[in-house]
2 protein chains.
Amino acid sequence: MSSNSPHQRRGNTRQRIQDVALELFAEQGYEKTSLREIAERLDVTKAALYYHFKTKEDIIISVFQDLTQPIDDLIEWAEGEPRTLETKREVLRRYSEAMAAGTSLYRFMQENQATVRELSIGDTMKKRLFALVELLRAPDAPLADQVRCISALFTLHAGMMFLQHVEGDPEETRKAALEVATDLITRAHHQQQP
Amino acid sequence: MSSNSPHQRRGNTRQRIQDVALELFAEQGYEKTSLREIAERLDVTKAALYYHFKTKEDIIISVFQDLTQPIDDLIEWAEGEPRTLETKREVLRRYSEAMAAGTSLYRFMQENQATVRELSIGDTMKKRLFALVELLRAPDAPLADQVRCISALFTLHAGMMFLQHVEGDPEETRKAALEVATDLITRAHHQQQP
DNA sequence: GTCTATAAGAGGATAGAC
DNA sequence: GTCTATCCTCTTATAGAC
């Protein structure tokens, strides 16, 4: 995973920039993190950053592309499957795992929505989120059931972010959130086809 | 409500600043909105802003204080009530209404969490959120039920923000979200005291 | 691939006239 | 209560030496 190894060797500077930048972006926000700060933490100069990335935005774009590939794969896979309850459950399961694998990025996106929306990755993210919702919901179901499907996704987010600060073991909390989310789509699905 | 009247008369400048600032903050984020921009939109100068507010942060603080009083009242009320299912339902109902009345502010806080966390209102907000969770959850309940209580709150948020861009009538969506949220705490409550 | 130096500008904030 | 003028700091970004 890109976020937990030091990468001390020369030649990995690009990777190290991505790691440090993501860490700082997630910690204190995108706008409040300056290139000077990133450079200082890496013991290089701002100019060195510009050798590897054309702009500040390019940094977060590259991180985003590297870490959200699993979601794209998941959507592509699910769109080729029958829309059964078991498929939906698998979607939630994999989505939860993908988030756990890229915690910092997802935390960043959750807490900097206003920023992300104006960045070029905003559109991509929005499209993916909509695609996921489309996989879960039934367009002709009652409104409350549609809400349940969206709420299921939000529950996974909540489980990743908010709950981690409250409870103990993150992995246990993640599983509890997954259980509740699965419960929600199950109800929505059953009321659809009793 | 502070966010839907023009306030054209002189002498309301303070109020007009609050209105315009909140609108811009919610639209494009706190950091990306400059005092110059706020002043321009009001056809005054930056210096005029500084007559009414000591800092940029002071502006959002004052808006926050004006619009989140209902939540404080709600918490105070609920802490004096028995922790029955009906009380919890009433909490969700009122919380949902309070959010509907201050949409812009809640949208702002939702989409600028990273910023809010570093502002002085961050602590206050966090305390309120925790107080709400404490009113809903039973500390000795299974983890999944605790998640349900938190998920109920997040569902109301989701209903306010995300869903509005998808579905038609906001008020209908709000009610559907409230229904799902109520459902969630009901399950958590019943499994607690069967 | 990394540095020094610097451009060019925007941001928040203040002093003091009117 | 609002303006003009200005300060100072920090930002992103570039040019060009090593």
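Atoms considered below: every heavy atom in the structure, side chains included; atoms not considered: hydrogens, waters and symmetry mates. Throughout, protein chains are lettered first and strands after them, A, B, ... in sequence-line order, and every chain is numbered starting at 1.
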Taking 4.0 Å as the cut-off, does a side-chain nitrogen or oxygen of A/R36 come that near to OP1 or OP2 on D/dC10? no
Atom-pair distance (CD on B/E40; P on C/dG11), nearest Å: 9 Å
Checking only heavy atoms, does the side chain of B/K46 share a donor-acceptor pair with the base of C/dG12 at less than 3.5 Å? yes
Ring-face cation of A/K56 near A/Y30 (centre distance under 6.0 Å, axis angle within 45°): yes
Taking B/K126 first and then B/D123, would you say they form a salt bridge - that is, a charged N and a carboxylate O separated by under 4.0 Å? no
Which of these nucleotides, D/dA15, D/dT12, D/dT4, is closest to any side-chain atom of A/A47? D/dA15
Does the plane of the ring in A/Y95 sit parallel, tilted or perpendicular to the ring in A/H157? Use 30° and 60° as the thresholds. tilted
For C/dT2, does OP1 or OP2 lie under 4.0 Å from any side-chain N or O of A/Y51? no
Does B/T13 place a side-chain N or O at less than 4.0 Å from the phosphate oxygens OP1/OP2 of D/dG1? no
Whether B/T45 contacts D/dT4 is assessed here as follows: a side-chain N or O lying under 4.0 Å from the phosphate OP1 or OP2. Is that the case? no
Heavy-atom nearest nucleotide on DNA chain D taken for A/E31 and for B/D43; more 5' hit belongs to B/D43
Are B/R93 and B/E86 within salt-bridge range, i.e. N to O under 4.0 Å? yes
